[in-house]
Amino acid sequence: MTSVRDPSVRVRFAPSPTGYLHIGGARTALYNYLYAKATGGTFVLRIEDTDLERSNSEYEKLQIDDLRWLGISHDEGPDRPNPKYGPYRQSERTEIYQRYARELVEKGLAYYDFCTEEELEAMKEKAALEGRDPIYEGRWKDPASHKEALDRISQGEKPAIRFRAPKKSYTLEDKVKGRVVYPENMVGDFVIVRSNGLPVYNFCCVIDDHLMEITHVIRGEDHLNNTVRQLMIYEALGARLPQFAHVSLLIGHDRQKLSKRHGATSVNLYRNEHYLPEAMCNYLCLLGWSHPAERDIFEKQDIVEVFTLERFSASAAMYDLEKFKWVNSEHIKKMPTAELIELIERGPEVAFFQGQTLEWKHACVELLKKYVQFTTDFPRLVNELILNEHPEKTDALREILSWESTPKILDFISGAVSSVSTDFVSEAELNGWTEHVKKTLGIKGKPLFQGVRAALTGHDHGPDLKFLIPLTPVTVLKNRIAHLTK
RNA sequence: GCUCCCAUCGUCUAGCCCGGUCUAGGACAUCGCCUUUUCACGGCGGUAACAGGGGUUCGAAUCCCCUUGGGAGUACCA
């Protein structure tokens with residue numbers, strides 16, 4: 001099945017700026033982004049910062065920056081406002097929420113509540129004892145107390161506004177979970193505006209999705225239970241329901257919802273470790289969504305044609321670094337060499353690499369790219385394979401050196417290398433040496449090739465010599481052979 | 001506790017909606033073999049799963065129920 005073009009689609013990613021962008025958040029953002037691209041719709045970024053205590057605008061910037069790094073760009077947001085729908089920070093929309101809340105109070109669908117924390121706590125304990133969910137039973141629920149409430153407000157007291165939860169069951173047709181039935185009495189009356197005047201998530205989320213004309217809500221399954229409250233508010237508002245798609249959660253190796261204690265869970269950590277953003281999107285996308293042709297490696301633009309909500313998995317996905325690393329290595333392999341060189345040079349320990357000719361860099365990257373998982377592996381391999389003048393004499397290497405034929409090879413190679421006047425050995429020269437060892441020294445087969453390799457590289461294995469040796473500076477070769485003959 | 005969600009190889013998954021083509025396919029990881037120019041590349045192959053129990057049916061991984069297991073929610077957090 002291919003995706004359906006529908007430019008009226010509006011989706012959103014609504015992070016709270018309470019920390020770095022989490023990989024789970026990145027995945028949700030990615031799904032929304034992909035759906036917008038697939039349908040030709042609009043991807044909105046909204047900042048849910050109603051929790052003043054925990055929100056920090058610095059995190060907003062960092063999260064947006066991480067999204068940009070991932071290539072998940074939004075069409076509307078705080079920095080790209082559409083006057084019809086803005087503002088995009090909930091902290092700047094307080095009056096809107098208060099207006100809607102007041103309307104609900106006027107219609108009798110919500111009420112002022114002056115209960116203290118202690119009173120609420122007592123109710124909760126009672127409910128727990130009776131084995132049911134805490135359901136608000138305070139006296140402010142009674143319409144008769146409305147007048148008293150107004151009096152207390154006029155005296156300067158600050159009430160919370162509580163939504164009157166209808167006594168009925170609700171049904172959600174979710175795109176990934178199917179039909180979800182919320183029984184009657186699942187939730188009691190809940191606060192929509194705190195006594196400090198700031199609205200609460202479940203309320204502003206609905207108001208915003210409604211006002212911003214969001215057509216599809218793609219979010220984590222942790223919101224599935226919340227949705228019943230939101231359904232109630234949609235109903236009270238007389239607002240049209242969006243399509244919901246509750247994507248399964250990401251879990252750690254202990255099968256618990258992925259969180260900080262599972263190690264690296266924020267995007268910036270992977271960014272710092274030089275994971276490729278394309279690889280991260282690719283891997284994250286695969287955790288809970290499958291390509292119709294079962295493809296594993298792709299770019300965002302490759303799947304726009306086939307991205308549909310139908311292919312989400314209903315069960316939680318375990319985050320597995322091994323496969324992520326493999327995806328990263330595959331993206332390195334398919335990346336154009338010139339681009340790869342640029343990336344490598346932006347990484348650490350590249351002084352030698354940068355000093356070489358473009359031709360050398362190309363050959364080097366072509367040779368090594370099939371062996372690496374990260375772009376930062378290149379300089380590591382260059383150091384180990386090309387620049388190391390004192391290779392460690394491992395058991396495997398000692399064995400080769402102990403062969404009867406090896407000292408002869410070493411002796412010849414040593415002389416051959418010292419007579420080279422250029423900076424690098426050519427492939428032809430190397431072939432000549434091998435020929436010589438074979439013909440004149442009469443060494444062939446394993447002793448020949450293992451011996452030549454050991455003499456030249458100080459390793460018992462490694463990349464193809466005919467590519468590796470022409471990349472190795474002759475000075476290094478000389479010192480290395482001296483080290484080996486010692 | 002209560003409510004909701006979920007259940008195919010160790011992991012990600014295909015298949016499930018529309019039962020037979022599934023002695024269950026792919027990928028990561030793992031193991032083995034091959035490549036007498038090594039090798040970390042590549043190629044080939046192996047190990048490995050329908051949670052359990054009932055039903056429905058000629059036939060169930062696929063539909064229904066129960067059990068078990070796991071997850072999430074249960075805030076004047078999001």
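The basis for the numbers below is simple: all heavy atoms, side chains too, and nothing from hydrogens, waters or symmetry mates. Labels below follow one simple rule: chain letters A, B, ... track the order of the sequence lines, proteins then strands, and each chain is numbered from 1.
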Grab the N/O contacts between the protein and nucleotides 23-31 of chain B below 3.5 Å, and write none if there aren't any.
from	atom 1	to	atom 2	distance (Å)
B/G25	N2	A/E294	OE1	2.4
B/G25	N2	A/E294	OE2	3.4
B/A27	O4'	A/D296	OD2	3.1
B/A27	O2'	A/D296	OD2	3.4
B/A27	O2'	A/K323	NZ	3.4
B/A27	N3	A/K323	NZ	3.2

(message) Check for me whether the distance between the ring centres of A/Y170 and A/Y182 falls short of 6.0 Å.
(response) no
Could you list the protein-to-nucleotides 3-7 of chain B atom pairs, N/O on both sides, closer than 3.5 Å?
from	atom 1	to	atom 2	distance (Å)
B/C5	O2'	A/K177	NZ	2.9
B/C5	O2'	A/E221	OE2	2.9

(message) If I take atom CG from residue A/L309 and atom CH2 from residue A/W289, how far apart are they, to the nearest 0.5 angstrom?
(response) 11.0 Å
(message) Need to verify one output field. Residue with the more 5' nearest nucleotide on RNA chain B, A/T434 or A/N202?
(response) A/T434
(message) Does the structure place the NZ or CZ of A/R152 under 6.0 Å from the centre of the six-membered ring of A/F114, at an angle of no more than 45° from the ring's axis?
(response) yes
(message) Checking contacts here: which listed nucleotide (B/U11, B/U13, B/U37) is nearest the side-chain heavy atoms of A/S290?
(response) B/U13
(request) Go through B/A40, B/U37, B/C12 for me and flag the one nearest to the A/L287 side chain. (result) B/C12
(request) Can you figure out which of B/U37, B/A72, B/U13 approaches the side chain of A/S313 most closely? (result) B/U13
(message) Checking contacts here: which listed nucleotide (B/U37, B/C77, B/G71) is nearest the side-chain heavy atoms of A/R194?
(response) B/C77
(request) Flag the pair A/Y111 / A/F163 as yes when their ring centroid distance falls below 6.0 Å, and as no otherwise. (result) no
(message) If we ignore hydrogens and angles and just use 3.5 Å, is the side chain of A/S248 paired with the main-chain N or O of A/S315 as donor and acceptor?
(response) yes
